[in-house]
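Below: one structure, written as structure tokens.
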Protein chains: 2
Amino acid sequence: MFRILVVEDDKELNRTVCTYLNQNGYEAVGCLSAGEAYDAMYGGSLFDLIVSDIMMPDVDGFEFARTVREQDQEIPILFMTARDDFASKQKGFKTGIDDYMVKPVDLDELLLRIGALLRRAKIVSSHKLEIGKLVLDADERSAYLDGEEIPLTVREFNLIYKLLSYPKKTFTRSQLMDEFWDGDTSSGLRTVDVYMTKLRSKFSGCEEFQIVTVHGLGYKAVLK
Amino acid sequence: MFRILVVEDDKELNRTVCTYLNQNGYEAVGCLSAGEAYDAMYGGSLFDLIVSDIMMPDVDGFEFARTVREQDQEIPILFMTARDDFASKQKGFKTGIDDYMVKPVDLDELLLRIGALLRRAKIVSSHKLEIGKLVLDADERSAYLDGEEIPLTVREFNLIYKLLSYPKKTFTRSQLMDEFWDGDTSSGLRTVDVYMTKLRSKFSGCEEFQIVTVHGLGYKAVLK
DNA sequence: TTGAAACTTAAACATTTCGTTAACAAATCT
DNA sequence: AGATTTGTTAACGAAATGTTTAAGTTTCAA
């Protein structure tokens with residue numbers, strides 16, 4: 001689920017945009033000023049994309065975007081503004097925004113452009129799972145503990161990646177087999193047990209998590 | 001220097017755009033049809049970004065973009081078209097384009113948007129890959145180790161360039177075939193293995209990297 | 001057009017790696 | 001305690017990969 005921060009001082013428009021985004025599969029959070037937006041961002045909430053107006057009561061959009069960019073080079077920023085002059089567009093793009101839409105915006109087109117930006121941003125960010133000193137990289141299909149690689153076979157990696165993607169969630173042997181053995185449960189379910197032993201052994205030096213047996217059900221990873 | 005492919009059947013507009021891009025620090029190549037564009041791309045030239053019209057004599061922009069996306073998920077594509085209807089925009093973004101501008105386009109805004117896309121795509125400004133004593137030049141399609149050329153065929157070069165562009169990232173045989181054999185997987189996937197053997201042999205004197213087999217998945221290049 | 005060289009690919013065989021099973025030990029539940 | 005579930009290990013066999021060869025294909029110059 002992608003989280004989108006909407007910074008727009010027009011209450012009604014803000015509400016309209018957020019509602020529309022929420023109806024279309026995003027989790028939108030509306031802010032009426034840059035100050036509010038800072039609070040939302042650094043209050044622990046992580047966002048995947050920012051939609052921002054330019055003219056706002058406290059800090060303007062340019063300044064807001066610049067500040068954000070200093071801290072985060074990656075997050076896509078889309079300006080949604082009434083200003084249709086080239087100078088504003090230039091200023092915006094120069095501060096590092098990714099798209100610029102002129103009001104009144106077609107909400108459906110906004111959706112399309114948000115989709116394109118998220119797709120693009122996602123390509124760049126690698127699929128990593130970081131838990132303390134442990135890093136699982138889905139592109140490399142390798143695990144690093146404190147920088148040192150732990151060699152894993154394909155199935156081993158798939159299993160541990162799955163478990164760690166949903167900590168505390170219990171997976172039955174059948175679920176795991178269905179997913180990583182192409183639904184071919186002809187090989188006995190006990191094979192999963194063997195893999196758990198292998199994983200426990202390979203990650204014995206890792207204090208970040210633990211593979212826990214749920215008797216009668218299956219296995220789960222629990223973070224320490 | 002960024003290279004931009006401009007696909008636009010209106011000769012005059014094509015010329016105008018290319019000239020403007022060239023005057024602003026890019027290296028633009030104009031094509032009057034999708035067919036021409038394919039030739040330009042497959043002819044060994046590497047492009048960093050594509051600007052394309054939708055309505056064209058042979059294959060339309062949607063089809064063109066789709067074909068390009070099948071082979072290359074990364075290259076930014078910008079549509080520049082007279083069509084201002086939502087359906088076209090939707091169709092475009094769904095095929096994976098990154099931006100959509102309605103004619104008549106302001107060339108200065110085009111520049112801004114191209115700049116934003118290139119920044120986002122994080123493309124390095126060169127088609128050279130330098131790793132220690134090893135140099136791969138994508139324009140020349142040649143490899144130099146310590147100044148001495150290592151002769152490579154087109155397929156050999158494509159493969160090693162791809163692997164080294166994403167060190168540690170694992171590529172499946174299918175991925176590589178899809179990309180460098182025009183999606184023609186009729187030739188057995190084992191062909192890839194043969195090429196890996198050849199590459200390992202040709203780069204046996206190279207201590208900068210190593211081609212590593214990921215059993216059950218494919219291959220990756222690991223820097224030493 | 002023709003021949004030579006370079007390139008590509010299928011096939012065959014050698015080699016390596018991995019997955020599975022089976023057996024027994026240990027733990028857990030009733 | 002007895003039954004069931006789970007932990008662990010090692011060995012076998014299957015599958016994936018490495019490599020070479022030879023035959024087919026393309027390219028290019030004469």
Side-chain angles (χ1 to χ4, degrees), chain A residues 141-143 149-163 170-205 209-222, chain B residues 39 42-44 140-143 149-163 170-204 209-222:
Chain A
R141 307 202 77 82
S142 52
E149 181 167 4
I150 299 176
L152 297 175
T153 70
V154 174
R155 290 229 161 93
E156 287 167 353
F157 181 87
N158 285 339
L159 286 170
I160 194 61
Y161 193 84
K162 186 74 180 183
L163 290 187
T170 301
F171 293 90
T172 66
R173 294 175 177 75
S174 298
Q175 281 175 330
L176 296 172
M177 275 252 154
D178 284 347
E179 183 158 354
F180 300 119
W181 274 261
D182 292 331
D184 179 8
T185 48
S186 63
S187 53
L189 293 174
R190 291 299 310 278
T191 298
V192 175
D193 299 23
V194 177
Y195 274 87
M196 292 303 156
T197 297
K198 286 180 180 168
L199 287 173
R200 280 168 173 153
S201 163
K202 289 196 175 180
F203 287 94
S204 60
F209 74 97
Q210 211 176 358
I211 295 176
V212 175
T213 304
V214 182
H215 195 96
L217 255 185
Y219 298 93
K220 65 180 176 182
V222 177
Chain B
D39 292 341
Y42 185 72
E140 292 183 22
R141 300 197 155 262
S142 53
E149 180 166 5
I150 298 177
L152 296 175
T153 71
V154 174
R155 291 229 159 94
E156 286 168 352
F157 181 87
N158 285 339
L159 287 170
I160 195 59
Y161 193 82
K162 186 74 179 183
L163 290 187
T170 303
F171 293 90
T172 66
R173 294 176 177 74
S174 298
Q175 282 175 330
L176 296 172
M177 275 252 155
D178 284 346
E179 185 157 354
F180 300 120
W181 274 262
D182 291 332
D184 179 8
T185 48
S186 62
S187 53
L189 293 174
R190 291 299 309 277
T191 297
V192 175
D193 299 22
V194 177
Y195 274 86
M196 291 302 156
T197 297
K198 286 181 179 169
L199 286 172
R200 280 169 173 153
S201 162
K202 289 196 176 181
F203 287 94
S204 60
F209 75 97
Q210 209 177 359
I211 295 176
V212 174
T213 304
V214 181
H215 194 100
L217 255 186
Y219 297 93
K220 65 181 175 182
V222 177

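Residue numbers begin at 1 in each chain, while the letters A, B, ... track the order of the sequences. Computed from a prediction, not measured in an experiment: that's the story for all the values here.
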When you compare the protein's N or O atoms with those of nucleotides 21-29 of chain D, which come within less than 3.5 Å of each other, and at what distance?
none

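Taking 4.0 angstrom as the limit, A:Arg190 places none of its side-chain polar atoms (N or O) nearer than this to OP1 or OP2 of C:dA23. Note on A:Thr213: a side-chain N or O is less than 4.0 Å away from OP1 or OP2 of D:dG7. Not one side-chain nitrogen or oxygen of A:Trp181 sits closer than 4.0 Å to the OP1 or OP2 atom of C:dG19. Between D:dG18 and B:Arg200, a contact under 4.0 Å exists linking OP1 or OP2 to a side-chain N or O. Look at A:Thr153 and you'll find a side-chain N or O under 4.0 angstrom from OP1 or OP2 of C:dG19.
Atom CD1 of B:Ile211 is separated from atom C1' of D:dG18 by 13 Å (rounded to the nearest Å). The distance from atom CG of B:Asp193 to atom P of C:dA12 is 16 Å, rounded to the nearest whole Å. Straight-line distance from the CG atom of A:Leu199 to the P atom of C:dC18: 14 Å, rounded to whole Å. For the pair B:Leu217 CG and D:dA15 P, the interatomic distance rounds to 18 Å; values are reported in whole Å. Between B:Glu156 atom CD and C:dT9 atom P there is a gap of 11 Å when expressed in whole angstrom units. Rounded to whole Å, atom P of C:dT9 lies 12 Å from atom CG of B:Leu189. With rounding to whole Å, B:Phe157 atom CZ is found 19 Å from C:dT8 atom C1'. The interatomic distance linking A:Lys198 (NZ) with D:dT6 (P) rounds to 19 Å, in whole Å.
Remark: of the listed residues B:Ile211, B:Thr213, B:Val212, B:Thr191, B:Ile211 is the sole one forming a side chain to side chain contact (heavy atoms under 4.5 Å, CB included) with B:Met196.
The side chain of B:Thr191 lies closest to C:dT9 when the candidates are C:dT9, C:dA12, C:dA23. The listed nucleotides are C:dT9, D:dT6, D:dT17; the one nearest the side chain of A:His215 is D:dT6.
Annotation for B:Gln175 and B:Thr170: closest pair OE1-O, 4.0 Å, computed over non-hydrogen atoms. Heavy atoms only, all atoms of each residue included: A:Leu152 and A:Glu156 are closest at CA-OE1, 3.4 Å. A pairwise comparison of heavy atoms in B:Lys202 and B:Pro151 identifies NZ-O, 3.0 Å as the closest pair. The shortest non-hydrogen separation linking A:Phe209 to A:Ala221 is CD1-CB, 4.4 Å.
Counting any heavy atom pair closer than 4.0 Å across all strands shown, B:Val214 reaches sugar-phosphate atoms only and no base atom.
Applying the side chain to side chain donor-acceptor pair (under 3.5 Å) test to A:Tyr219 and every residue at least two apart in sequence or in another chain returns A:Arg173, A:Asp193.
Nearest-nucleotide positions on DNA chain C for B:Tyr195 and A:Leu152 put B:Tyr195 closer to the 5' end.
With hydrogens and angles ignored, the 3.5 Å screen pairs no side-chain donor or acceptor of B:Arg141 with any backbone N or O of B:Phe157.
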